[in-house]
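A short write-up of the structure that comes next.
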Amino acid sequence: MQGDGEGEAPHRAVELLGRVGLAGYGLVHLLIGVIAVQIAVRGGGQADQQGAVAALAAEPFGFVVLIVIVVGLVAFGIWQGLAAATGFRWATGWARTQRRIAAGATAVGVLFVALVAVQLLVTGSSGSSSGGSQQTTAGLLALPGGRFIVFGVALVVLVIAGATAWTGIRGSFAEDLAWSRLPSALQKPVYWLGIAGHVLRAIAFAVMAVLFGVAAVRADPGQAGGLDAALKTLAAQPFGPWLLILVALGFVSYGVYCGADAWARRI
């Protein structure tokens with residue numbers, strides 16, 4: 001579990017804010033997991049970034065917490081964006097390329113969550129990932145070669161799902177942490193939480209890819225959907241509630257892992 005890389009934060013202030021943002025990113029995943037369990041048990045709810053942010057904002061002092069999380073997520077996104085552009089000079093070849101791609105994907109993910117939170121802070125509504133996906137898909141399908149474009153989106157999401165699962169299976173995420181910062185009794189649990197979080201979240205991403213693929217084949221934007229639609233699609237399958245609970249535990253595991261990551265991420 002011991003990595004040998006170096007941190008990529010361009011400034012101490014960015015690093016500290018980035019750690020706050022990473023903790024907030026983990027909190028969003030925890031909430032997604034909790035909402036997904038509620039869907040499996042009782043139905044209803046919006047199990048995606050928008051639903052998690054809305055649930056957080058509804059709590060006492062929720063908007064204050066959201067503002068702190070937004071600032072942290074933006075800092076962390078900048079941190080990871082710079083790492084994707086020019087970072088990981090201590091690595092070479094494909095190893096460096098992999099880390100830069102992962103940092104770029106992370107930057108996009110955290111900045112998207114920050115955008116969702118800003119939208120809620122400004123307008124009072126965080127929208128719906130499924131509705132937004134369907135509107136975007138409808139626009140793409142209206143373009144020349146729209147089916148191929150949407151199918152390309154499906155392939156990209158599928159690649160992300162595969163890369164996320166492979167990261168968990170290989171345990172390569174461990175190279176980003178300075179494990180000595182964690183108590184020895186927590187190191188193995190955090191490592192296994194990281195594996196579970198990456199692999200089980202990948203199932204939800206794979207279902208998203210399938211939804212976009214079906215939308216491309218049928219030229220029907222109504223078939224597309226974001227994370228919420230993917231999780232509800234899982235719930236509708238035979239033994240779906242149990243499968244959804246399993247994936248929900250993956251989001252909870254990843255959320256807890258992010259808390260440890262926020263503390264131990266390499267400086």
Cation-pi geometry met for R181 and W263 (6.0 Å, 45°): yes
Verdict with reasoning, I169 to I195, per side chain to side chain contact (heavy atoms under 4.5 Å, CB included): CA-CA 6 Å; I169 292 169; I195 291 176; over 6 Å; no
Listed once per pair and sorted, the side chain to side chain donor-acceptor pair (under 3.5 Å) pairs that draw on residues 206-221, sequence neighbours left out: D220-Q223
Q49 side, atom CD; L120 side, atom CG - distance, nearest 0.5 Å: 13.5 Å
Minimum-distance pair of heavy atoms, taken over all atoms of G21 and L73: O-CD2, 3.1 Å
Point-to-point distance, once rounded to the nearest 0.5 Å, from CG of L155 to CD1 of I160: 11.5 Å
Contacts of type side chain to side chain contact (heavy atoms under 4.5 Å, CB included), residue V159, not counting sequence neighbours: none
I32 versus A52, closest heavy-atom pair with distance: CG1-CB, 3.8 Å
Any V71 side-chain heavy atom under 4.5 Å of V20 side chain: no
OG1-CG distance between T137 and L211, expressed to the nearest 0.5 angstrom: 10.0 Å
Minimum-distance pair of heavy atoms, taken over all atoms of R19 and A262: NH1-O, 2.8 Å
Reported CZ-to-OG1 distance for the pair R201 and T167, which is rounded to 0.5 angstrom: 9.5 Å
Transitive ILVMFWY side-chain link V247 to I245, under 4.5 Å: no
Shared hydrophobic cluster, L182 / W192 (ILVMFWY, side-chain heavy atoms < 4.5 Å): yes
Heavy-atom side-chain proximity of I203 to L200 below 4.5 angstrom: yes
Counterpart residues, ring-ring contact (aromatic ring centres under 6.0 Å, His included), relative to F205 (two or more places apart): none
D261 side, atom CG; L177 side, atom CG - distance, nearest 0.5 Å: 4.5 Å
For C258 against Y25, the heavy-atom pair lying closest together: SG-CD2, 4.2 Å
Pairs flagged by ring-ring contact (aromatic ring centres under 6.0 Å, His included) wherever residues 35-61 is involved - sequence neighbours left out: none
Residue pair F251 / L30, side-chain heavy-atom distance below 4.5 Å: no
Would you give me the side-chain donor-acceptor pairs under 3.5 Å for residues 229-244, sequence neighbours excluded?
from	atom 1	to	atom 2	distance (Å)
K232	NZ	G45	O	2.9
K232	NZ	D228	OD2	3.2
T233	OG1	A229	O	2.7
Q237	NE2	T233	O	2.9

Minimum-distance pair of heavy atoms, taken over all atoms of A154 and G213: CB-N, 3.5 Å
Parallel, tilted or perpendicular, as decided by the 30° and 60° cut-offs, for the rings of F173 and Y257: perpendicular
Side-chain heavy atoms of D176 within contact of R265, under 4.5 Å: yes
In one Ile/Leu/Val/Met/Phe/Trp/Tyr side-chain cluster, 4.5 Å: V217, V214: no
Pairwise distance CG(L111) to OG1(T106) - rounded to 0.5 angstrom: 10.5 Å
Heavy-atom pair of closest approach, residues S253 and G197: CB-N, 3.9 Å
Aromatic ring pairing H198/Y254, orientation class (parallel under 30°, perpendicular over 60°, tilted between): perpendicular
Side-chain (S172) to main-chain (G168) donor-acceptor, under 3.5 angstrom: no
Test item: V37 and V41 side chains (from C-beta on) under 4.5 Å apart, heavy atoms: yes
Pairs where residues 141-169 contributes a residue and the test ring-ring contact (aromatic ring centres under 6.0 Å, His included) is met, not counting sequence neighbours: none
